[in-house]
Number of protein chains: 2
Amino acid sequence: MSAPRQKHGKKAPYRRSRQRDRILTLLRSTDSHPTANWLYARLRKEFPDLSMGTVYRNIGILVEQGLISRIAFGSTFDRLDAKVAPHYHFICEQCGAIHDLDVAPNKDILGRISPPKGFEVRRHEIELYGLCAKCTARP
Amino acid sequence: MSAPRQKHGKKAPYRRSRQRDRILTLLRSTDSHPTANWLYARLRKEFPDLSMGTVYRNIGILVEQGLISRIAFGSTFDRLDAKVAPHYHFICEQCGAIHDLDVAPNKDILGRISPPKGFEVRRHEIELYGLCAKCTARP
DNA sequence: GTTCATGCAAATCGTTTGCACAATG
DNA sequence: CATTGTGCAAACGATTTGCATGAAC
C-alpha cells in the first residue's frame, strides 16, 4: 500500500540507493522470510543511523517493482467469524469482502501438496483472491 | 492471544455479561466477517459508553471458548520474500518459521474448490500450519 | 540543479493493559 | 463477598508520514 510518488500516475523514476540495494541483496540471500525489523537490525551495522522509515519505504518500492513480495494476508485487522467449523475463504481484492466457501476442508484436497519431511501438518488454509460478484458487475 | 486469567491453568469460570452475549448474537446474525470496530460501532447504540477494550476482551474470551474464530493469518507483522514466483507456505505454529513449499501453484490443485458463481478468481494461497522439523524434534 | 532518498521524530492504526468501580454468581 | 467484567485512558508494536538535509542523475 505504498503510494506512488508522482503526478500523473506515471511510473516513478526511482533512483538508486545503497540502502535499497542492500535490502534487496539481503532478502535474496536468505529464505527465512525476514521481517522489516530483522532487516533494520542487520543493516544498522552498515548504516549506523539507518531509520525504520527508510526500511519501510524501500520495502514498499521493491514490492511495487515486483522484486520482492510481502507475505501478508488481506488486511491488518482481524475479521471475525461465528462459523467455527473450518472452511475456506474467498477474499475480494476490490471491496475486501470475505466469503465462505462451501467445500469442507479435507486433507485429500491438498493432493500432492506436502511439507518437507519431519514436518507435522495440523491444519491448512486456502484462500481464493479475486473479484466478488458485485465487483465483477461494477468494475 | 488472550491470557487465561486464573491461577493453575484451570478453566476460567467466566461470568455472563450483556455485552458479550450481544457480541456473540451479532456475530451469529451475519456472515460478513465483521471487524472489532464494526462490532463496536454497532453496539455503541445499545451501550453508549462501550469501550474498545471490552470488545476486544470479549472477542478473546469467545475465541478461547471456541464460539467464534478469528480470521487472522500468522503473525501481525509482514514477512518478506525475494522469491517472487507464487508458491505456498508452511508456517510453524511453535517457532513462527515460514517455509516455502515445493509444489508450483496451479489451478488444477484447487480441484473442486470454487467460488460462488459470478466470482472471478485471480489467484489463490495455501498455507499449511503445524510443527517444523526442529520443533517436532524438540517439543 | 531538480527531484528522490534519507534520518529523525511525531503520528497513525489496530490492539492490549492497568486501574478503580460496577456487576455477576 | 470474592471475582469477573466494565469503562477509561494510557501503553503498545508495527507501520506511515512530514519535514529539512543529503545524494542521484
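In what follows, chains carry the letters A, B, and so on, assigned in the order in which the sequence lines appear, proteins first and then strands, with residues in each chain numbered from 1. Because the structure is a prediction, the values reported are computed rather than measured.
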Inset, instruction - Please report how far the helix from C:dT12-D:dA14 to C:dG25-D:dC1 bends, comparing the axis fitted to its first five pairs with the axis fitted to its last five, to the nearest 10 degrees. - result: 30°

Inset, instruction - Report the distance from atom CZ of A:Arg79 to atom C1' of C:dG14, rounded to the nearest whole Å. - result: 14 Å

Inset, instruction - Side chain of B:Ala36 only, please: which of C:dG7, C:dT15, D:dG7 is the nearest? - result: C:dT15

Inset, instruction - Treating Ile, Leu, Val, Met, Phe, Trp and Tyr as nodes and any side-chain heavy-atom pair under 4.5 angstrom as an edge, say whether B:Tyr129 and A:Ile126 lie in one connected cluster. - result: no

Inset, instruction - Check the side chains of A:Asp102 and A:His87 for a donor-acceptor pair under 3.5 angstrom, ignoring hydrogens and angles. - result: no

Legend entry - Closest nucleotide among D:dA14, C:dT6, D:dG7 to the B:Phe47 side chain: D:dG7

Inset, instruction - Whole angstrom is fine here: how far is it from CD1 in A:Ile61 over to P in D:dT15? - result: 17 Å

Inset, instruction - Choose from D:dA24, C:dC4, D:dG5 the nucleotide whose nearest atom is closest to any side-chain atom of A:Arg16. - result: D:dA24

Inset, instruction - Flag the pair B:Glu120 and B:Arg122 as a salt bridge only when some basic side-chain nitrogen lies within less than 4.0 angstrom of an acidic carboxylate oxygen. - result: yes

Legend entry - Greater than 12 external heavy atoms within 6.0 Å of B:Lys83's NZ: yes

Inset, instruction - Report the nucleotide, chosen from C:dC8, C:dT15, D:dG5, that has the shortest atom-to-atom distance to any side-chain atom of A:Asp49. - result: C:dC8

Legend entry - Integer-rounded Å distance: C:dG14 P and B:Leu39 CG: 14 Å

Legend entry - Distance-only polar pair, side chains of A:Tyr88 and B:His124, donor-acceptor under 3.5 Å: no

Legend entry - Distance below 4.0 Å between A:Thr35 side-chain N/O and D:dA14 OP1 or OP2: no

Inset, instruction - Can you check whether any acceptor in the base of C:dG7 is under 3.5 Å from a donor in the side chain of A:Arg57, or vice versa? - result: yes

Legend entry - Nucleotide C:dA22, atom P - distance to CZ of B:Arg15 in whole Å: 16 Å

Legend entry - Residue-phosphate contact under 4.0 Å: A:Gln19 side-chain N/O, C:dT6 OP1/OP2: yes

Legend entry - Which residue lies more 5' along DNA chain C, comparing A:Arg18 with A:Gly53 via nearest heavy atoms: A:Arg18

Inset, instruction - Specify the residue among A:Ser17 and A:Asn37 whose closest nucleotide of DNA chain D lies further upstream toward the 5′ end. - result: A:Asn37

Inset, instruction - Nearest whole angstrom, please: distance from the C1' of C:dG7 to the CZ of A:Arg44. - result: 11 Å

Legend entry - N-O pairing of B:Arg123 and A:Glu93 below 4.0 Å: yes

Legend entry - Rounded distance in Å - OH (B:Tyr14) to C1' (D:dT6): 16 Å

Inset, instruction - Examine the side chains of B:Asp31 and A:His99 and answer whether a donor and an acceptor come within less than 3.5 Å of each other. - result: no

Inset, instruction - Check the distance between C:dT6's P and A:Tyr56's OH and give it to me in whole angstrom. - result: 16 Å

Inset, instruction - Select base, sugar-phosphate, or nothing to describe what B:Asn58 touches, counting heavy atoms under 4.0 Å on all strands. - result: sugar-phosphate

Inset, instruction - To the nearest Å, give me how far apart CG (A:Asp21) and C1' (C:dA5) are. - result: 12 Å

Legend entry - side-chain N/O B:Thr54 vs D:dG7 OP1/OP2, d < 4.0 Å: yes

Inset, instruction - Using the rule that two of Ile, Leu, Val, Met, Phe, Trp, Tyr join whenever any of their side-chain heavy atoms come within less than 4.5 Å, decide whether A:Trp38 and A:Leu67 are in one cluster. - result: yes

